[in-house]
Amino acid sequence: MHKKVIPMLCGAMLLSGSQWVLAAADKLPASTNVKLGAAEEFCSEFTDPKWREAQVIDGVDIQESRMCNPDNPAEIAAFVKGTNNISMATLMETQLAADAITVSNDMDGDGDPDHYIIKLEIAELNGHSPDMKEPTTTFDIAPGIQPTFWVYAPKTRDMSTLSLYEPVANPLLRAPSPVIRVEQGDIVWIVLENSHYFPHSIHLHGIDHPYMDHSGEGNDGVGQTGQMDVMPGQSKTYVIKPRQPGTMYYHCHVQPHTHIPMGLQGIFVVEENRPNNWVQVFNVGAGHVRHPSVAVKEKYAAEYDLHYQSADKELHEMVRSANDPRIIARRMNQEFDITEAKPDYFMLNGRSFPYTLRESLILMEENKKVKIRVLNGHEEEFALHIHGHKPMVTHYDGVDNGPSSYIKRDVHGMVPAQRLDLELSGVDDGLNSFGQGVWMFHDHVEKSFTTNGVGEGGDISLVVYKGYMDERGIPKVHGMSLAPYFTKEFWQGKYPAWQDYDAWKSLGLPDISNKKQAAFVPPPPAPAKADAATQTAAAEQSSFFGQLFSGLILGGLAYAGFANRQRIMALFGKK
C-alpha cells in the first residue's frame with residue numbers, strides 16, 4: 001500500500017494548484033453558428049411536369065424520365081426524326097436551327113434513313129466580354145461554380161441565352177459536348193461550323209472513317225497529317241460510313257492538351273444495324289437516352305450515357321482573362337504548362353454534386369437491366385464504383401470481345417479516353433444487386449469526391465429504384481439534409497460540414513475571432529529592461545515553478561512521516 005503513497009501525495013499537492021494552472025491556460029472558445037445563405041430548391045417548378053411523361057411526338061416514342069430536369073421531348077423528336085421531318089410546331093418548341101439534323105434516303109429499304117447530315121457549332125460558356133464584368137452565357141456546374149468551357153453544340157437559332165435578361169445558356173449549349181448517335185453502315189456527314197475565335201477540328205476517335213474523303217481532303221481532324229484546322233468562320237465536313245458498331249469518342253485535335261480539357265470532347269455511338277431503327281442523333285447533356293435503339297431495347301429496359309470529365313481551374317479561368325484571342329492563345333499555348341496542372345472540378349455529365357442529382361440519376365427497377373455507356377474524359381485514371389451492385393463489362397472501347405471476356409466487378413478502372421459498356425442488373429441475388437434502395441455511384445479516386453477541394457462534391461450521383469423517387473424527381477433519401485449543398489457558402493468553404501448534426505452544434509466552428517493568435521515566427525528577444533507586464537508574467541511563471549517545487553518537497557516529507565509513523569508515535573508515547 002505504501003508504494004502507492006508517493007504518487008497519491010504528489011498528485012494531491014499538484015491538484016491543489018490546478019485552479020491556478022487552469023486560470024493561466026486559455027479557456028476553450030464557445031461555438032459560433034455559421035449562417036448559410038438561401039438554399040436553392042432541389043427541383044424547381046420551372047420544368048413542365050409533362051416533360052417527364054412517356055409520350056409520342058411526330059411518331060417518335062419517348063420514354064418516361066422521372067428526373068428533376070428531363071430533356072425536352074420536342075428536342076428528342078427532332079433528334080430522332082431530323083429537323084427536316086418534324087412539324088413546324090414541334091421545331092418551334094426547340095431552339096434548333098432548321099438544318100441542324102437532316103435525315104433522308106432509305107437506301108436499303110429497311111424502314112429507316114441511311115443518310116445523315118449533322119451540323120455542329122462551337123460555343124463558349126462562362127466566357128468573358130468587354131461589355132460586362134460577369135461571365136457571359138453562364139453554365140453552373142454547382143452553386144456559384146462557373147468554369148469556362150468550350151463545347152460542341154447542335155446548330156441553334158435565336159439567342160445563346162434563355163432571354164435578354166437571363167445570362168443562363170440555353171439548354172442546347174452546355175457541357176459535356178453532346179453524345180452523337182448514328183447507325184452502322186449509314187452515310188454520315190458531320191459539318192463543323194467554327195463559330196469560335198480559335199482554330200478547331202473533329203477527330204473521330206475509334207470510329208471507322210477514311211483517311212481522305214471523296215474530294216481528296218483530310219478526314220482525320222489532325223492538322224499535322226491531313227487537313228488544315230478549321231479556322232474561325234470556316235466549316236469542314238467529315239464523311240464516314242462506319243462498318244463497326246460500338247461506343248466511341250470524338251474530340252478536337254488542335255492543341256489537344258488544352259482543347260480537350262476545355263470541353264471539346266464527347267461520346268460517339270455507332271448503333272447496330274436493325275430494321276426501322278431511327279436512332280436518337282443527339283443526347284444533349286448525356287444521361288438518360290429517351291429513345292433507345294432497336295438493338296438496345298432487345299436486351300435492356302433503359303440506356304444511360306455517363307461522361308466523366310475534370311477541369312483545372314487555372315486553365316479554365318485563363319481563357320476569360322483577356323478579350324484579345326492573341327493574348328489568350330499565348331497564355332494557353334506558351335505559358336500554361338499542363339505537366340504542372342491539377343484538376344479542381346470533377347463532373348459527371350457536365351455537373352458536380354448536388355446538381356448531378358437533378359439530371360444524371362440512373363433509374364432502376366427490380367429484375368430489369370439497363371445499359372450504361374461510360375467515357376473517361378479526365379486526363380487521369382478513373383475508377384467507377386456503383387454501391388449495391390456489381391455491373392458487368394460487355395464492351396471495351398466499343399468492342400464486344402464475347403461472353404468469355406465479360407467481367408463482373410464493383411470497381412471498374414479506366415484510363416483516359418477509354419470507354420466501357422456496362423450491364424447493370426436489378427436482380428436481387430447479392431451479386432448483381434443487393435436489393436432496392438438509393439445507392440450512390442462515383443469515381444473512387446478520392447479527390448473526385450470534391451469540388452475545388454470541398455467535399456462531398458465532384459461526380460457523385462445515385463442509382464434510384466422505382467418507389468424511391470417522388471413525382472418531381474427528388475430521391476427519397478433517409479440520411480442528412482442535402483440543403484447545405486445547394487448553397488454557395490458550402491462550396492466557398494465557409495460551412496462546417498457537421499455543424500447542424502446535433503442541437504448543440506458541437507461540431508461547428510470555435511469562436512476565435514476575438515482571441516490573439518500565436519505568431520508563425522518566434523518573437524524577438526526581450527529588451528534588457530522589461531516593462532511591468534513582462535515582469536509580472538515572469539513573476540507568475542516563477543511563482544508557478546516555486547509552488548510546484550514546494551509541493552514536491554511537502555509530498556516527500558509527508559511520505560517520510562507516514563513511513564516512520566510507528567517511531568514517531570513511540571517518541572510521543574514516551575513523553
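Residue indices begin at 1 and follow the sequence shown.
Taking a cutoff of 4.0 Å between a charged side-chain nitrogen and a carboxylate oxygen, Asp324 and Arg326 qualify as a salt bridge. Taking a cutoff of 4.0 Å between a charged side-chain nitrogen and a carboxylate oxygen, Glu64 and Lys466 do not qualify as a salt bridge. A salt bridge links Lys236 to Glu217: at least one charged side-chain nitrogen sits closer than 4.0 Å to a carboxylate oxygen. Between Asp421 and Arg419, no side-chain nitrogen of the basic residue sits less than 4.0 Å from a carboxylate oxygen of the acidic one, so the salt-bridge criterion is not met. Using a 4.0 Å cut-off between charged side-chain N and carboxylate O, Glu271 and Lys297 make no salt bridge.
With hydrogens and angles left out, the side-chain atoms of Ser321 and Arg331 include a donor and acceptor closer than 3.5 Å. Using modelled atom types, one finds a donor on one side chain and an acceptor on the other under 3.5 Å when comparing Tyr355 with Glu40. Judged purely by distance below 3.5 Å, without hydrogens or angles, the side chains of Glu166 and Ser163 pair a donor atom with an acceptor atom. Side chains of Arg373 and Thr247: a donor on one and an acceptor on the other come within 3.5 Å.
Heavy-atom minimum distance, Phe282 versus Ile180: CE2-CG1, 3.9 Å. The nearest pair of heavy atoms linking Tyr197 to Ile328 is OH-CD1, 3.9 Å. Shown here for Phe441 and Leu384, the closest heavy-atom pair between the two residues is CD1-CD1, 4.1 Å. Between Phe149 and Pro147, the closest heavy-atom pair is CD1-O, 3.4 Å.
Within 6.0 Å of the CE atom in Met88, the count of heavy atoms belonging to other residues, nucleotides or ligands does not exceed 12. Counting heavy-atom neighbours within 6.0 Å of Met107 CE, excluding the residue itself, gives a total above 12. Few gaps surround CD on Gln418; more than 12 heavy atoms of other groups in view lie less than 6.0 Å from it.
The shortest distance between side-chain heavy atoms of Met318 and Thr148 does not fall below 4.5 Å.
No donor-acceptor distance shorter than 3.5 angstrom exists from the side chain of Thr450 to the backbone of Asn452, with no hydrogens or angles considered. Between the Asp312 side chain and the His316 main chain, no donor and acceptor come within less than 3.5 Å of each other.
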